[in-house]
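Here is the structure we will look at.
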Amino acid sequence: MIYVNQIGYAGNGTKHATICGSKGYKLFRDDAQAVCEGAADTLVRDENSGEDAAYIDFTGITAPGRYYLQDESGNRSVHFTIAKDNRELYAPVFRDALRMFYFQRCGMELEEKYAGKYKHPACHCTKAFYLDDPERRVELSGGWHDAGDYGRYVTAGAVALGHLLYAFELMPEAFTEELNIPESGNGIPDILNECRYELDWILKMQDPDGGVHHKATSMNFVGFVMPEDDDLDIAITPVSSLAVADFAAIMAMASRVYAKYDAAYAEKLKAAAIRSGEWLTAHPEFLFRNPEEVHTGTYEDRCDADERLWAAVELYRLTKDEKYLSVLHSILEIKISLTALGWGDVGGFAGLCVLTAEDGCFAGNIKDRFFYRWMDEADRLVKVAASNPFELAFHPSDFIWGSNMVVLTNAMVLTVAHLLSGKPEYLQTAAYQLDYIFGRNAIDTSYVTGHGEKAFRDPHNRPTIADGIDDPIPGYVSGGPNRGACDTKANPELFKGFAPMKCYADHNLSYSTNEITIYWNSPLVFVLAYVMQKR
Ligand code: G3I
Ligand code: 9MR
Ligand code: ZN
């Protein structure tokens, strides 16, 4: 078998595929005309996939068109495109990956002119109640549904916004096209229009003293109904230091980004960020509790040092108030990741903030510290990827719930290392991670709906299950293989003897391998924006 990036390859770029079980291959044009042939030297055992495999290189073929590969036993790969460059190749999937956030919008009608056949009436517009003060109700409409469920969670939202707003800030040229959302044409880039929809909801989760509530969800996950048919009461769970710190960080960052477009809004975000910064000073202790009567996602964490670090650097960059620097210095004494970009570990956002700040903002020794940690991690990823035939920067233990997020945040680390150093191997290794997402993996699956001949089709996503429409909304990223899968369609018993890369089920009941979330799409937006600009 031969596994390829099912979207395809840039004519002017490196082109690798992975061959399993045999060495010889031929490349054909769509019309069955042979273009070239070759053979891998040796096959090596790959622990991630359980395959004897090698990568093959057909970089020399540059003519635009549709192609497929065939191994010596006659097995054909899916068809793929060779396009002029990454910009042309990825433009459609980039647009859909961004429009995903519009489809996650809560509290407003999705009109046919923007949503097409996936239109639906407004959802979740009733007032929510505070679990620790049930008499108190508050208007809380808006924001994005987190995932295949209809919960709205502050830390997950802040992290998705972090990926998106850094993508915009570092690569504004990638975001000039309108997205056909209600705000399109208002003079503000659509990515900022979309992010504002979530920011405005997160603002509602803040108390006057700067405390921020962790999440707003029903007490139990609702059944597989359309969002407008979900009539379960919505509870707001207690304040957590994780939510407060992520709130302070993302509001401070957003204030900086929106200042150019809407000064009054930027001031509002800044004041909100500072209020939560003050809460953090007044409450140095870790605070998080998922009330046991609430059975929705927890987003639990055992340490808030990384969240506090992110808040401190964003607040310092915005205000230059020295008090945030002392927080930064004290947290740097603790051993935490300065490159992680997921919902639980956010030290990498602090890294992005420091490393991309204007000259002189952070002292040289602070910047160096973040820089060397970042480049060490990028070097590690390059090495791991070079050690296996899928060129995936993964060990078997990396196939956890949401493994595709780890693939994509690894690719983010690599693209930023490329931005900082210009070394081509970082960009190339990032591109190999995209290859994996788009189908160069041992189950021949593109993990983005609607993109790739064998794209996954059956996400754990309530609207997709309930809407009666065959095709899923395009542009959604699946969670991906999970060696610890734990649902009825994916679990250790069903996966006995499966290699980690194959522990995946394209089934809507498989929430532990095939759900979708906002923070699995957002790193794809970042990585695509980068590779489309750079090559
Ligand atoms: O970090 C550890 C790692 O050290 C360990 O080796 C590995 C072995 O299993 O586990 C890792 O932890 C995993 C963690 O995700 C890592 O991010 C846990 O096993 C795994 O259970 C946990 O899964 C999370 C899942 O909720 C269950 O809590 C996902 O990351 C998280 O994305 C997901 O989030 C849900 C929301 O709660 C509700 N909405 C949908 C959303 C997506 O499924
Ligand atoms: O739909 C829920 C999904 O968003 C969560 O990620 C997942 C794990 O918390 O749970 C899903 O809900 C399932 C619940 O946990 C168990 N009963 C079946 C629910 C739907 O599959
Ligand atoms: Zn809703």
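Each ligand, and each atom within it, is numbered from 1 in the order the structure gives.
- Within a 6.0 Å sphere centred on NZ of Lys268, other residues, nucleotides and ligands contribute 12 heavy atoms or fewer.
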Under the side-chain contact (heavy atoms from CB on, under 4.5 Å) criterion, do Glu183 and Ile188 qualify, and how do the steps go? CA-CA 8 Å; Glu183 301 80 7; Ile188 294 174; over 6 Å; no
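- For atom 12 (O) of ligand 2, the nearest non-hydrogen atom of the protein is Phe221 CD1, 3.4 Å.
- With ligand atoms numbered from 1 in the order given, ligand 1 contributes 40 (C), 42 (C), 43 (O) to contacts under 4.0 Å with heavy atoms of Glu515.
- If you check which protein heavy atom lies closest to atom 41 (C) of ligand 1, you get Tyr299 OH, 3.5 Å.
- Atom 12 (O) of ligand 1 is not flagged as protein-proximal [any protein heavy atom, distance under 4.0 Å].
- The single protein non-hydrogen atom nearest to atom 2 (C) of ligand 2 is His460 NE2, 3.5 Å, given as residue, atom name and distance.
- Put simply, atom 3 (C) of ligand 1 has no protein non-hydrogen atoms near it, under 4.0 Å away.
- By the 4.5 Å heavy-atom criterion applied to side chains, Met219 and Leu131 are counted as neighbours.
- For atom 42 (C) of ligand 1, the nearest non-hydrogen atom of the protein is Thr517 CG2, 3.4 Å.
- In this model, no donor atom of one side chain and acceptor atom of the other lie less than 3.5 Å apart for Ser241 and Glu307.
- When each atom of ligand 2 is checked for a heavy atom of Asp149 under 4.0 Å away, the hits are 4 (O).
- Counting protein heavy atoms under 4.0 angstrom from atom 23 (O) of ligand 1 gives one or more.
- The shortest side-chain heavy-atom distance between Tyr3 and Asn441 does not fall under the 4.5 Å cut-off.
- For ligand 1, the atoms sitting less than 4.0 Å from at least one non-hydrogen atom of Trp520 are 32 (O), 42 (C), 43 (O), numbered in the order shown with element in parentheses.
- Ring to ring, Phe94 and Phe175 are close: their centroids are under 6.0 angstrom apart.
- Per-atom contact check: atom 16 (C) of ligand 1 touches the protein, criterion being a heavy-atom distance below 4.0 Å.
- With ligand atoms numbered from 1 in the order given, ligand 1 contributes 38 (C), 39 (N), 40 (C) to contacts under 4.0 Å with heavy atoms of Asp149.
- Just one of Val346, Val327, Leu338, Asp304 meets the side chain to side chain contact (heavy atoms under 4.5 Å, CB included) condition when paired with Leu309; it is Leu338.
- Counting only N and O atoms by type, the side chains of Asp96 and His451 include a donor and acceptor under 3.5 Å apart.
- One side chain, Glu300 or Thr298, offers a donor N or O that lies under 3.5 Å from an acceptor on the other.
- For atom 39 (N) of ligand 1, the nearest protein heavy atom lies closer than 4.0 Å.
- The ligand atoms of ligand 1 that sit less than 4.0 angstrom from a heavy atom of Ala147 are 39 (N), 40 (C).
- A donor atom on one side chain and an acceptor atom on the other are found under 3.5 Å apart for Gln104 and Tyr476.
- A tilted orientation is assigned to the rings of Tyr447 and Phe456, their planes being inclined by 30° to 60°.
- The SG atom of Cys123, the Zn ion (ligand 3) and the SG atom of Cys106 define an angle of 120° (nearest 10 degrees).
- A donor atom on one side chain and an acceptor atom on the other are not found under 3.5 Å apart for Asp146 and Tyr519.
- There is no protein heavy atom closer than 4.0 angstrom to atom 19 (O) of ligand 1.
- His124 contributes ND1 as its N, O or S atom closest to the Zn ion (ligand 3).
- Nearest non-hydrogen protein atom to atom 10 (O) of ligand 1 is Ile400 CG2, 4.1 Å.
- Checking Ile191, Leu161, Asp262 one by one against Arg196, the side chain to side chain contact (heavy atoms under 4.5 Å, CB included) holds for a single residue, Asp262.
- Side-chain N or O atoms of Glu285 include none that pairs as donor or acceptor with a backbone N or O of Leu287 at under 3.5 Å.
- Inclusion of Trp343 in the set of residues having an N or O under 3.5 Å from an N or O of ligand 1 is warranted.
- Proximity to Tyr153 (heavy-atom distance under 4.0 Å) selects the following atoms of ligand 1: 38 (C).
- Between the side chains of Asp190 and Ser184, at least one donor-acceptor pair of N or O atoms lies under 3.5 Å.
- Neither the backbone nor the side chain of His295 comes within contact range of ligand 2; no heavy atom lies under 4.0 Å.
- The presence of a protein heavy atom under 4.0 Å from atom 6 (O) of ligand 2 is confirmed.
- Atom 16 (C) of ligand 2 has as its closest protein heavy atom Tyr511 OH, 4.1 Å.
- For His124 and Asp230, the side-chain atoms include at least one donor-acceptor pair closer than 3.5 Å.
- Taking a cut-off of under 4.0 Å to the non-hydrogen atoms of Asp146, the atoms of ligand 1 that pass are 38 (C), 39 (N), 40 (C), 41 (C).
- Ranking protein heavy atoms by distance to atom 37 (O) of ligand 1, first place goes to Gly297 CA, 3.1 Å.
- At a 3.5 angstrom cut-off on N or O pairs, Glu300 does not count as close to ligand 1.
- Closest to atom 34 (O) of ligand 1 by heavy atom, among Tyr519, Phe399, Tyr150, Trp401, is Tyr519.
- Between Phe399 and Phe394, the ring centre distance stays below 6.0 Å.
- Ligand 2 is approached by Trp401 to a heavy-atom distance shorter than 4.0 Å.
- Against a heavy-atom cut-off of under 4.0 Å, Glu515 is close to the following atoms of ligand 2: 3 (C), 4 (O), 5 (C), 6 (O).
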